Amino acid sequence: MNLYAYFSDRIFAALDTLKADGVLPGDLVVRGVTAEPPRDPAHGDIATNAAMVLAKQAKMPPRELAEALAAVLAKDEDVVGVDIAGPGFINIRMSPAFWPRILTSVLELRGNYGSSEIGAGEAVNVEYVSANPTGPLHVGHVRGAVFGDALAALLDYSGFKVTTEYYVNDAGAQVDALARSAYMRYREALGQEIGDIPEGYYPGDYLKPVGELLAEKHGESLLGADETEWLPVIRAEAIDAMLALIKDDLASLGIQQDLFFSERSLIEGVTDKVAGTIDELRERGLIYEGRLPPPKGKTPEDWEDREQTLFRATEFGDDVDRALMKSDGSYTYFASDIAYHNDKYKRGFRNMIDVWGADHGGYVKRMQAAVKAVTAGEGALDVKICQLVRLFRGGEPVKMSKRAGDFVTLREVVDEVGPDPVRFMMLYRKNDAPLDFDFVKVTEQSRDNPVFYVQYAHARAYSVFRNTLEVFPDLKPESLNPVKLKLSLLESEEELELLRRIAQFPRVIEASSVAHEPHRIAFYLYELAGDFHSLWNRGKELPQLRFINAANRDLTEARIALVSSTAEVLASGLRILGVQPVREMR
RNA sequence: GGUCCCGUAGCUCAACUGGAUAGAGCGGCGGACUUCUAAUCCGCAGGUUGCAGGUUCGAGUCCUGCCGGGAUCGCCA
């Protein structure tokens with residue numbers, strides 16, 4: 001149950017009462033009213049801005065309206081105090097008997113507590129990674145991979161029907177370069193001297209096994225052949241090998257996407273979907289032949305003023321119209337991408353999310369313009385940009401030079417520190433802020449390392465469960481009967497603070513989900529872990545606050561219910577982030 | 001030059017899409033271990049939210065203009 005959503009219903013009801021009593025005009029439109037936890041707990045449990053937001057419509061001073069509303073809300077049996085503060089905030093204090101219902105709810109729902117129906121089963125498509133299939137994933141891909149995967153899990157938890165997708169760029173010049181590189185390795189495998197790998201080719205050793213495989217499969221049959229003959233064959237097989245590599249890399253982070261969508265299939269399928277999409281747009285007058293002005297500020301050396309096929313992107317908010325055909329007559333990447341998003345829409349996705357790297361920021365407007373055009377305004381595309389990750393080792397930057405080919409691969413990072421720290425740290429920052437990743441810090445066992453801190457809280461909860469059995473051998477968290485617990489025994493300030501934090505989880509899920517910001521869950525878990533560690537330590541100073549009290553079974557049960565609820569929420573949150581909730585620190 | 005993102009404590013970052021006295025961690029200082037694992041906790045110090053205007057009951061958040069950092073700029077993907 002989302003306490004705040006639940007309570008805003010009561011506020012709406014109170015407003016209706018005021019309308020019926022003639023205090024408020026009957027045609028008043030309730031909008032912008034929120035029910036949220038106040039920043040300062042001293043202000044109570046729930047705060048609403050209703051009086052301030054509605055004052056103008058009600059033609060009443062906010063404080064006066066607040067008085068009237070407060071009087072109605074005070075009659076609620078779960079409310080023990082209502083006061084008005086500042087410009088017209090209404091602060092509501094819930095009865096102590098109310099809070100335990102949150103725990104009852106957690107214990108009944110367990111791993112589903114906090115899940116939401118705001119998605120209402122609507123289909124949403126999340127596309128992420130989509131790296132060129134020309135080699136293993138490197139560290140630059142990690143963030144988008146983890147982000148997309150966590151966002152998908154979050155949306156799933158919020159009631160959306162999620163499909164995850166990887167767009168395979170298997171149609172451009174880069175996969176031709178891959179094919180040529182693989183062909184060299186093929187010749188090498190057959191004993192030929194190949195010398196240096198030329199500029200613009202892929203020099204990595206990872207193509208050697210591909211060459212050997214090709215040699216094994218084709219023998220010498222492709223050696224004398226013309227490039228036009230061997231290229232499509234080698235290209236297809238090299239791409240397959242690269243995708244196998246990439247899927248393996250993703251699997252090491254626990255990522256498995258639903259669909260790998262081939263760019264080439266758009267053109268080489270039964271119908272040319274790119275041409276089809278362009279035709280659709282042309283019929284609606286959105287395509288024309290024309291010239292583009294050169295970019296302002298600096299004109300490229302090889303600028304050639306020529307007429308080309310353009311999409312009227314400016315009609316949908318873009319800065320310039322965009323080219324769809326290259327000078328050699330093939331489609332631009334953008335043209336295929338429009339067709340791809342059109343295809344997503346036709347497959348039933350009104351909601352699309354693309355996760356891109358920072359270097360594609362300049363591409364957002366045109367893609368959103370294209371989606372607007374191709375879906376006639378029905379589809380929505382949100383593009384999440386992931387900023388760069390900087391690697392450090394013990395505070396020292398890790399040097400990488402892309403030219404020399406010695407970039408750090410995704411696999412190297414995962415192999416060194418494990419998937420959990422990688423995933424958590426990639427989500428412990430807003431996606432559009434740059435992120436520092438330190439190989440040493442992320443495996444440290446200290447508060448400085450949030451991964452550990454949260455994991456430790458979960459493990460500590462399980463340590464309590466183990467210790468409980470020594471005093472009450474049959475007292476297990478999973479055998480507690482939620483309705484029989486004496487939860488009113490939980491009354492210390494620290495316990496209630498933890499309880500209030502647990503009560504906020506559903507709200508955090510919904511807010512993260514609406515904003516497409518999974519990092520909020522990571523921050524929430526860090527705070528929840530902090531509350532739990534804090535309560536734990538209070539038990540050292542005040543033994544009567546310890547979770548296990550041999551002389552009082554009812555109290556112990558109530559506290560185990562609290563600890564168990566904490567563990568459930570930690571586990572649910574971690575599951576969305578894709579991090580294992582461990583039960584023991586080794 | 002155009003466009004997009006970012007400027008918040010000494011450092012790294014939050015701030016629930018416009019709410020009350022802007023919060024955490026690190027670092028600094030001072031405390032708590034015969035432990036339900038101190039792998040943790042408690043307290044103190046630290047701010048003109050880059051600058052200047054505007055919008056309104058109310059702005060770190062929205063609008064405009066500057067300053068500073070990053071990304072990108074017909075046919076690459």
Side-chain angles (χ1 to χ4, degrees), chain A residues 4 32 34 36-40 43 47 49 52-53 55-56 61-62 85-89 91 130-132 134 169 171-175 263 291-298 300 303-306 308 310 318-328 330-334 336-337 357-365 385 387-388 428-430 432-434 436 444-450 452-453 456-457 459-460 463-468 470-471 504 507-508 510-512 514-515 517 519-520 523-524 526-527 530 533-541 543 546-549 563 584-585:
Chain A
Y4 305 94
T34 59
E36 348 183 87
R39 203 177 314 198
D40 185 346
H43 289 147
N49 61 353
M52 292 177 295
V53 177
K56 197 173 272 179
F89 282 101
N91 291 327
S130 300
N132 289 331
T134 54
N169 303 134
Q174 294 180 12
V175 285
E263 178 185 1
R291 294 169 192 278
L292 280 180
K296 293 203 173 71
K298 56 161 193 187
W303 177 264
E304 170 202 355
D305 188 21
R306 71 177 183 90
Q308 48 190 341
L310 298 169
D318 199 2
D319 308 309
V320 287
D321 292 337
R322 303 290 178 177
L324 299 178
M325 311 291 284
K326 298 187 204 171
S327 50
D328 67 358
S330 63
Y331 300 120
T332 61
Y333 179 79
F334 182 50
S336 312
D337 219 358
D359 53 339
H360 289 64
Y363 194 74
V364 175
K365 273 193 183 177
I385 296 289
Q387 279 293 342
L388 303 178
Y428 197 63
R429 198 106 313 185
K430 208 162 27 180
D432 52 11
D436 294 344
E444 250 169 35
Q445 302 204 329
S446 74
R447 172 153 204 176
D448 199 10
N449 176 9
F452 165 76
Y453 188 72
Y456 182 40
R460 261 187 155 176
S463 159
V464 175
F465 303 150
R466 288 189 291 270
N467 283 306
T468 308
E470 289 175 18
V471 184
Q504 282 173 33
R507 221 175 154 269
V508 172
E510 288 189 359
S512 316
V514 168
E517 290 184 351
H519 77 274
R520 295 190 194 190
F523 281 97
Y524 169 81
Y526 186 74
E527 285 166 358
H533 286 307
S534 191
L535 175 59
W536 178 293
N537 267 71
R538 286 293 283 166
K540 284 181 197 315
E541 294 156 34
R546 294 191 175 194
F547 300 122
I548 302 166
N549 187 324
V563 175
E584 218 166 345
M585 306 306 290

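From a predicted model like this one, the values you see are computed outputs, not experimental measurements. Chain naming here is simple, since letters A, B, ... match the order of the sequence lines and numbering starts at 1 in each.
Distance CG (A:Asn537) to C1' (B:rU37): 11 Å, rounded to an integer number of Å. If you take CD of A:Glu541 and P of B:rU40, they are 16 Å apart, rounded to a whole angstrom. As rounded to whole Å, 13 Å separates atom C1' of B:rA15 from atom CD of A:Gln504. Straight-line distance from the CG atom of A:Asp318 to the P atom of B:rG2: 17 Å, rounded to whole Å. Residue A:Met325 contributes atom CE, which lies 11 Å from atom C1' of B:rC75 at whole-angstrom precision. In this structure, CZ of A:Arg429 is placed 20 Å from P of B:rG70, rounded to the nearest angstrom. Taking atom CZ of A:Arg507 as the reference point, atom C1' of B:rA15 lies 12 Å away to the nearest angstrom. Rounded to an integer number of Å, the gap from CG of A:Asp328 to C1' of B:rG74 is 14 Å.
The residue A:Arg538 sits apart from the nucleic acid: no heavy atom pair falls under 4.0 Å. Using a 4.0 Å heavy-atom distance criterion, A:Glu510 is classed as making no nucleic acid contact. When heavy atoms are screened at a 4.0 angstrom cut-off, A:Tyr333 is found touching base atoms of the nucleic acid. Within 4.0 Å of A:Ala173, counting heavy atoms only, lie sugar-phosphate atoms of the nucleic acid but no base atom. At a threshold of 4.0 angstrom between heavy atoms, the contacts of A:Arg466 with the nucleic acid are absent. As judged by a 4.0 angstrom heavy-atom cut-off over every strand, A:Ile385 is placed among residues making no nucleic acid contact.
Here the closest non-hydrogen pair linking A:Gly361 and A:Ile385 is CA-CD1, 4.0 Å. Nearest heavy-atom pair, A:Arg306 versus A:Met325, reported as atom, atom and distance to 0.1 Å: NH2-O, 3.6 Å. The nearest pair of heavy atoms linking A:Gln387 to A:Ala358 is OE1-CB, 3.5 Å. Nearest heavy-atom pair across A:Val464 and A:Ile548 is O-CD1, 4.0 Å. Contact detail for A:Tyr331 and A:Lys326: the closest heavy-atom pair is O-CE, 3.4 Å. Of all the heavy atoms in A:Gln504 and A:Pro37, the pair that sits closest is NE2-CB, 3.8 Å.
Side-chain atoms of A:His360 come within donor-acceptor range of the base of B:rA77, with a qualifying N/O pair under 3.5 Å.
You'll find that the side chain of A:His533 is closest to B:rU40, out of B:rA71, B:rA15, B:rU40. Taking the side chain of A:Pro37 as heavy atoms from C-beta on, and the options B:rA77, B:rG74, B:rC16, the nearest nucleotide is B:rC16. For A:His519, counting side-chain heavy atoms from C-beta on, the closest listed nucleotide (B:rG74, B:rA71, B:rA14) is B:rA14. Of the listed nucleotides (B:rC75, B:rA77, B:rU37), B:rC75 has the atom at the smallest distance from the side chain of A:Arg306. Nearest to the side-chain atoms of A:Ser327 among the listed nucleotides B:rC75, B:rA15, B:rC13 stands B:rC75.
A salt bridge between A:Glu510 and A:Arg507 is absent, with no side-chain N of the basic residue lying under 4.0 Å from a carboxylate O of the acidic one.
In this structure, A:Tyr456 and A:Phe452 have parallel ring planes: the angle between them is below the 30° cut-off, well short of the 60° mark. A:Phe547 and A:Trp536 have perpendicular rings, their planes meeting at more than 60° on a 0 to 90° scale where under 30° would count as parallel.
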Between the protein and nucleotides 3-9 of chain B, which nitrogen or oxygen pairs come in under 3.5 angstrom?
from: B:rU3; atom 1: O3'; to: A:Lys365; atom 2: NZ; distance (Å): 3.0

Any protein N or O atoms within reach of nucleotides 19-29 of chain B? Criterion: under 3.5 Å, listing atom names and distances.
from: B:rA20; atom 1: OP1; to: A:Arg39; atom 2: NH2; distance (Å): 2.8
from: B:rA20; atom 1: OP2; to: A:Arg39; atom 2: NE; distance (Å): 2.8
from: B:rA20; atom 1: OP2; to: A:Arg39; atom 2: NH2; distance (Å): 2.1
from: B:rA20; atom 1: N6; to: A:Asn91; atom 2: OD1; distance (Å): 2.5
from: B:rA20; atom 1: N1; to: A:Asn91; atom 2: OD1; distance (Å): 3.1
from: B:rA20; atom 1: N1; to: A:Asn91; atom 2: ND2; distance (Å): 2.9

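When the side-chain nitrogen and oxygen atoms of A:Ser463 are compared with OP1 and OP2 of B:rU37, one or more of them lie within a distance under 4.0 Å. Regarding contacts with the backbone of B:rG74, every side-chain N or O of A:Tyr363 stays at 4.0 angstrom or more from both OP1 and OP2. The phosphate of B:rC41 (OP1 or OP2) has no side-chain N or O of A:Lys540 nearer than 4.0 angstrom. In this model, the phosphate group of B:rC42 is approached by a side-chain N or O of A:Ser534 to a distance below 4.0 Å at OP1 or OP2.
Along RNA chain B, the nucleotide closest to A:Leu388 and the one closest to A:Ile548 are compared, and the more 5′ of them pairs with A:Ile548. Annotation: of the two residues near RNA chain B, A:Tyr428 and A:Arg322, the 5′-most nearest-nucleotide partner is A:Tyr428.
Between B:rC26 and B:rC44, the two P atoms lie 15 Å apart (nearest whole Å). B:rU56 and B:rC66: their C1' atoms are spaced 24 Å apart (whole Å). B:rA52 and B:rG68 are spaced 15 Å apart, taking the C1' atom of each and rounding to whole Å. Nucleotides B:rU61 and B:rU49 have their C1' atoms positioned 10 Å apart, rounded to a whole Å. If you take atom C1' in B:rU3 and the same atom in B:rU8, they sit 25 Å apart, rounded to whole Å. Going from the P atom of B:rA59 to that of B:rC13 covers 28 Å, rounded to whole Å. Going from the P atom of B:rA15 to that of B:rA24 covers 14 Å, rounded to whole Å. Between B:rG60 and B:rU17, the distance separating the two C1' atoms is 13 Å to the nearest Å.
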Could you please spell out the steps behind the side chain to side chain contact (heavy atoms under 4.5 Å, CB included) verdict for A:Arg447 and A:His533?
-> CA-CA 11 Å; A:Arg447 172 153 204 176; A:His533 286 307; over 6 Å; no
Let me see the working for A:Ser330 and A:Asp328 under side chain to side chain donor-acceptor pair (under 3.5 Å), right down to the final yes or no.
-> CA-CA 6 Å; A:Ser330 63; A:Asp328 67 358; 2.7 Å; yes
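Listed by chain and residue number, A:Arg143, A:Ala433, A:Leu435 satisfy the side-chain contact (heavy atoms from CB on, under 4.5 Å) test with A:Arg429 (two or more places apart in sequence, or in another chain). Scanning for ring pair (Phe, Tyr, Trp, His ring centres under 6.0 Å) contacts around A:Phe334 gives A:Tyr363, with sequence neighbours left out. A:Ala511 meets the side-chain contact (heavy atoms from CB on, under 4.5 Å) test with A:Arg520; sequence neighbours excluded.
In RNA chain B, runs of at least 3 consecutive Watson-Crick or G-U pairs, each pair with both distances below 3.5 Å, span B:1-7 with B:67-73, B:10-13 with B:23-26, B:28-32 with B:40-44, B:50-54 with B:62-66.
Using a 90° window around 0 for the glycosidic torsion, B:rU12 falls outside it and is classed as anti.
Side-chain atoms of A:Asn49 come within 3.5 Å of backbone atoms of A:Gly32 as a donor-acceptor pair (strictly under, hydrogens ignored).
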